[in-house]
Structure formats: C-alpha cells, structure tokens
There are 2 protein chains.
Amino acid sequence: MARAPRQADIAAVAGVSQTTVSLVLSGNTEGTRLSEPTRQRVLAAAEQLGYVPDPVATRLASARNHLLGVYTFASAFPIELDDFYYPILAGIEAEATALGQDLVLFTGTGGLDARTDAKTAIRRTRVADGCVFFGRHVPEEPIDWLLHGDFPLVYVGRRDELGGRIPFVGVDYVAASAAVVERLLELGHREIRYLRSVEDALSSTDREKGVLAAIRRARLPVRRVVVRAQSADVDAALLTKWRDEGVTAVVVEETDLGVLSRAALAAAEEAGLRLPEDLSLAVLGQPKGRPDVSGFEVPRRELGRRAVRLLVDQITGARRTDQQLLDCPQVPGATIGAV
Amino acid sequence: MARAPRQADIAAVAGVSQTTVSLVLSGNTEGTRLSEPTRQRVLAAAEQLGYVPDPVATRLASARNHLLGVYTFASAFPIELDDFYYPILAGIEAEATALGQDLVLFTGTGGLDARTDAKTAIRRTRVADGCVFFGRHVPEEPIDWLLHGDFPLVYVGRRDELGGRIPFVGVDYVAASAAVVERLLELGHREIRYLRSVEDALSSTDREKGVLAAIRRARLPVRRVVVRAQSADVDAALLTKWRDEGVTAVVVEETDLGVLSRAALAAAEEAGLRLPEDLSLAVLGQPKGRPDVSGFEVPRRELGRRAVRLLVDQITGARRTDQQLLDCPQVPGATIGAV
DNA sequence: CTGAAAGCGCTTACAG
DNA sequence: CTGAAAGCGCTTACAG
C-alpha cells in the first residue's frame, strides 16, 4: 500500500463507478437511492482498502472539510500561561471537539513582508470552512473581503466596525457593569468613582456606559464619576483624597492585563484602607486569583464555545450572520459593603 | 467582488495564459524564464485584483500548503494550565511561526464512532503537509500507513515501535539520569535507591538504564537499587526504613504528573528528614515549581521547536527520516549533598 | 519565452 | 437505481 486508496480504487474493487462510490460514502441520499447490495459492496471494499476521504479534494470540490480557523493575531500558546485568551481557546477547542471539527491555528505570518502581512495572512484563513477571529482591532479591509466572499467568520468580542456587519459573540459589559453599580447603590453608596483606562476599546466604553446608566437611573449626578487613569496614577494618595471628598465606593475597570485593578488594590492596602469597612471597591470583571473581590465573571470559556457554535451554524447554513452577547455572573465578593 | 479572483481572472486581465500566471506567481524559475514585461503585467494584475492563492487547490495540485498538523491525542488547551505538554506546544507554535507555517490541531474526533476513531482521525492528518505526534502510545497501524505513504511525520519523544522507523525528537533520559547519579557518586554516596513508576514507558526505562549504567560504571552492586512503586507506597515509613538500612541518597523518577516526586518530597518532610543533611534526594526531571530540587530540566519548549524543524526538513526534502535526542541541563538544586 | 492539456481526488448536476 | 462528464483552482510535464 504505497499510495492511499481513492474512490476510483474502491470503484474498481466493487465493480461500480466512482460516482456511485462517492454517493454511497457521502451518504448523500437526496433524490437518489442506491440499492442495498451495491451499498454493501462499496462499503465492504472501502473497509477492505482502508479508505479515508482526502480532505483536501473534498474541500476543493466545494464541500466542507471540517476545519475551523482560529486567528489570534498573537501567540495561542503564550509564555504566561494565565493569559487572558487561554480560556477562550480552551472553550473553542472543547466545542470544536464536540462538533467533530479540527482547528487551524493561523500563526504563520513569519515569511511575509510587513505590508502584505496581515492581509495575506487573513486571506489564508480560507483554507478552513470558516474562522474565529480574536483581537482588539479589526483589520477592516481583509475582513470585509472575507465577508464579501460569504466566508463564514465570527469575532470573539463585540464589534461595530464595517457598519455592524461583523458576526460576533461578545460580552454584555453594559449590563454586567450596571449591575455592579446597582449593588453599590442598594448598599447606600451615593458618592462613587469609576476608574477606567485611557484607551477607548469597545469593552471599555461599554463598561462606562453601564456604569453611567445605573447612576442616571438612580437620579444621581454623573459629573465627576468617570476618571480616566493609567495604573501609575492610581496610588494611596488618590484613594485617600477621594475618601476625604466623601467617596464611599470605587469601581475599577478590569483591563485585559488587569493592571488597573491591581494598582487600585495595592493602593488601598498602602493607604491602610480596609475593604469594605473604610471603602467599598468593586471591579468590572475579576482580577486573577482574587475571587474575594466583588465584581463579575467574564464567561470566557463559554465565549469560545459559543463562537464555535455560531461559526458552525453559519457554515451549515443555519444562520448567515448573527451577533450575540453573553451575560456575566455577578461575583459577590467581600470588598463591598453597606455605607 | 463576490468571488475570490483566481489565476484565470489574472490571466484575462494580463492577457496571458493561466499557466503563465501560475509560473509567475509561484516563482518557479526552473527551466523557464518569463520575460520581465510579462512578469510585471501579471504581478500588477494580481495586485490589482487582490489575488490570494487558494491553499486547497494548491495542495491538491501536489504542492505544499504550509499547514503543519499537531496530533495530541488529548486536549491541546487543557484546563490545568500547567499541563505537561503546554511548553512543547508553545515551542511548536513559536517555530511554526518562525518558519511561516500554520498549525492544524487535530481534536475533532468527537463525531466518529469509537472503533474507527483513532484510525480515521489520524489519517485525517493528511490535510497538512506533515504532522507532529504526541502521546505515550503509538497507534501502530495508522502511523505505519502514514509512513508507507511517505507522509512526513515526527513524534515528540523517543519511539522504538515499527522497527525503529519512526522519526522523533526525544530527550536523552539515559544520559541525563546517569549524570544525576554520577553527581551523587562524586559526593560519596554508595547506598542509593531509585524509585521508579510501575509503568514501562520508554521515558521510564531510559531513566532506569541511565541510573544503572552510572552505578555499574562505579563498580557498585546494582541489585537492590531499583524500586518500583506507586505514589501511595512512598511514605515516611519507607524512607525511614531505608535510612536505617544505610541508604544515603534517593533518586526519584519524575513522571508526567509528578506524583512520585511529590510523594517522596512529602514523605521526607513527614519523616522529619532534612534535605540534604539527613538524606540526599534527587529527581530525574524537575518537579513543578521546585527549582530547589536537584535533578535536570527537560527542554520541553526546545523539544517542540526541534520537532517542527525536523518536520519541515522532511517536507522540504532536506531529510526523509531522522531521530534526535536532546540534552538536558542539570539542575544543581539544594537537596543533595556530600555524605 | 509562452500556452494547451492533463491531472490532483473529490462532488454535483444531468442523463439514462 | 447507476454512470459519464464537468468542474473546484491549482501545478507540472510537454509542446511549440
């Protein structure tokens, strides 16, 4: 057995045409019924020869190849194991396995020159039946190109680029953030500060939107709530000053690296502020390894699973485009309390 | 642009044949020289149309598709991040990126029935130009089938199945283990016990081989050195008993889950034995998060890189088969000392 | 220096 | 119920 057997070989053994072999093996019973004896003979021959369909030919002939692309714009196996994206990838793999799909990790952008790099790399995703995309920025041109070619794709994270035509599975940061602030309001807090990063990613603006919406619904002034800051600006002095101004609760954005919440937590400790006795502190997300901090959980693993499910739905034609937002379970924590 | 442009479209625009387009774009200058004007026209047309070669067609037409398979026999993104295989995967990805290759993760074996499972799944690896394999056991039939079809593959870890025809990049456990024992001998130890797992994986027998070789070279009796044990058998009583018998050094196999070394370390502590004052303890490998333990480091990331490099060498024809063993840096540690 | 033709292994109308 | 034929988008001898 020097060469892998193909349908033609089976056809020869079974004494039928290659077309019939294809029909039998693909289980394509539409409008055609193969006689049971024929089926059996083909199946037997296939088994005997150890036939396995060539996925490449299958794909070229316009069928599916059960390959799902994953485009991360970065390493999928970063050196820091606790990487932000890891659980999402784990979810993607789990769901892919469950659905019988293999994964193509597009990382091979090494050989190309910088200019055509992203463009060509992204276009290469077409080897797969569809592709899951990651990353903060959307390279609009190539993504638009894929969309125009009716190539199934879904982004992980909410996207509003390209006129809102990008399918995605995202996180409902607006609702989750509002819920955190509402818990604070119920506990009697009236003077709240929201510490956010200076960057304007959607995940940042969505959180802010949620925070402000909750404040407004409580008919509280919105004016001085939002404070943009770098982690270096967040120190004991800042928290102490706020305390003196009557602030009773601080809400902190959880960025992908978690630098802001870490700085805030450290600052509180440095300032000798006990949480929640002296100050209530909540995080919009969950700092690594700190389940004691009040906030919410980003369902990252589920994000991955849902992205794959949506992608496969697109591929199988169940739906051509869709945008989904996932709820975040609130984390009670022990760093917020009544005023 | 509803459909992706193909070579035929470029040919039409440039006023040449599709063959010429293929020749120009593939840079295939063997035996053929295209006139510079023609080249330029083709290149311009390709750029203008935003042409990207269809990797599937390329592959079917018997060229390479720059896809490298990775077959793990398990989850590539396990829930426990500190998983044994993770650094290897990281190395694989890093090297693949460096060499401009994408990765296909074969995890989609879910939909198939148990019997044909592994067989079919492994054969599917043929979508890629070649494949890196992992795992303790070699499923001989399908691997043999791939080998016969001249499919480039390399195992991570030494393999002696199939008549030693399996290409691999492994670890020189024999040498690394012997070196550990030699350090002990130099420190004056004469009564040594080697604690190994009950399973006979190559990585286990290789370590044992190294241990015994070192002992023999020192012309010491080999008789009672090797002790097969489950982690449950390794307790304070055992170590105390050995101490009473005059044992001054214990060497422990580091299994993939690290249960044996963990048990030994715990037993020593429970027995109140100070390391290395009361007992020297070395591990053949490195327990997670314990750089203080004497032993050696398994260059896992490098293992991944080298596997990919060997695979690509095979694919490009640089070498059709090869077997490599990597050296392990010794870890001095602080758990062994002079008698 | 360039093109017509066959072929990679499959699927999918379309005939019989 | 089954087969001949075209086609998926490329590469690769082989002619001119």
Side-chain angles (χ1 to χ4, degrees), chain A residues 3-12 14-43 45-46 49-67 123-124 126-129 149-151, chain B residues 2-12 14-43 45-46 49-67 123-124 126-127 129 149-151:
Chain A
R3 270 226 323 68
R6 355 161 214 180
Q7 293 186 346
D9 300 326
I10 298 178
V16 298
S17 75
Q18 182 258 320
T19 302
T20 300
V21 173
S22 172
L23 257 21
V24 170
L25 296 179
S26 68
N28 205 335
T29 345
E30 287 182 32
T32 34
R33 255 185 327 205
L34 294 311
S35 76
E36 198 49 30
T38 303
R39 284 197 61 234
Q40 294 308 335
R41 249 183 312 144
V42 170
L43 257 18
L49 295 177
Y51 173 76
V52 177
D54 181 333
V56 178
T58 305
R59 169 77 175 152
L60 183 59
S62 249
R64 302 175 45 195
N65 64 7
H66 298 274
L67 245 33
R123 288 174 171 182
R124 265 182 62 70
R126 292 198 333 119
V127 228
D129 287 337
D150 273 337
F151 182 76
Chain B
R3 267 223 329 67
R6 353 158 217 184
Q7 292 186 348
D9 300 327
I10 298 177
V16 298
S17 75
Q18 182 257 319
T19 301
T20 300
V21 174
S22 172
L23 257 20
V24 170
L25 296 179
S26 68
N28 205 334
T29 344
E30 288 182 31
T32 34
R33 256 186 326 205
L34 294 311
S35 74
E36 198 50 29
T38 303
R39 283 197 62 234
Q40 294 308 334
R41 250 184 309 145
V42 170
L43 257 18
L49 294 177
Y51 173 77
V52 176
D54 181 334
V56 178
T58 305
R59 170 72 174 160
L60 184 59
S62 248
R64 301 176 45 195
N65 63 9
H66 298 274
L67 247 30
R123 288 174 171 182
R124 260 183 67 69
R126 293 199 332 119
V127 229
D129 288 335
D150 273 337
F151 183 77

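Letters A, B, ... mirror the listed sequences (proteins, then strands); counts begin at 1.
- Taking side-chain N and O atoms only, B:Ser22 has no distance below 4.0 Å to OP1 or OP2 of D:dC10.
- The distance from atom CD of B:Gln7 to atom P of C:dC8 is 18 Å, rounded to the nearest whole Å.
- The partner of D:dA13, taking Watson-Crick or G-U wobble pairs whose two distances both stay under 3.5 Å, does not exist in any strand shown.
- Between B:Arg41 and B:Val16, the shortest heavy-atom contact is NH1-CG1, 4.2 Å.
- For A:Arg6, the side-chain atoms get nearest to C:dG9 when compared with the rest of C:dG9, D:dT12, C:dT11.
- In this structure, of D:dT11, D:dT2, D:dG7, it is D:dT2 that holds the atom nearest to the side chain of A:Thr38.
- Nucleotide D:dA4 forms a pair with no other nucleotide shown, judged by Watson-Crick or G-U wobble geometry with both contacts under 3.5 Å.
- Whole-Å rounding puts the B:Arg41 CZ to C:dG3 C1' distance at 14 Å.
- Here D:dT11 presents its C1' atom at 9 Å from CG of B:Leu23, a figure rounded to the nearest Å.
- Taking every heavy atom of both residues into account, B:Ala14 and B:Ala45 meet most closely at CB-CB, 4.2 Å.
- Taking atom CD of residue A:Gln18 and atom P of nucleotide C:dA13, one finds them 15 Å apart after rounding to whole Å.
- With rounding to whole Å, A:Leu25 atom CG is found 9 Å from C:dC10 atom P.
- Ranking D:dT12, D:dG9, C:dT11 by closeness to the B:Leu60 side chain, first place goes to D:dG9.
- Between D:dT11, C:dC10, C:dA4, one nucleotide has an atom nearer to the side chain of B:Thr19 than all others, and that is C:dA4.
- Here the P atom of nucleotide C:dG9 and the CG atom of A:Leu49 are 14 Å apart, to the nearest Å.
- Taking only side-chain nitrogens and oxygens, A:Thr20 comes nearer than 4.0 Å to OP1 or OP2 of D:dG3.
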Next on the checklist: Does A:Ile10 form a side chain to side chain contact (heavy atoms under 4.5 Å, CB included) with A:Leu25? I'd like the steps, not just the answer.
Outcome noted: CA-CA 11 Å; A:Ile10 298 178; A:Leu25 296 179; 4.0 Å; yes

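- If you check distances only, the side chain of B:Ser17 never reaches the base of C:dA4 with a donor-acceptor pair under 3.5 Å.
- Here OG of B:Ser22 is found 14.5 Å from CZ of B:Arg6. Values are rounded to the nearest 0.5 Å.
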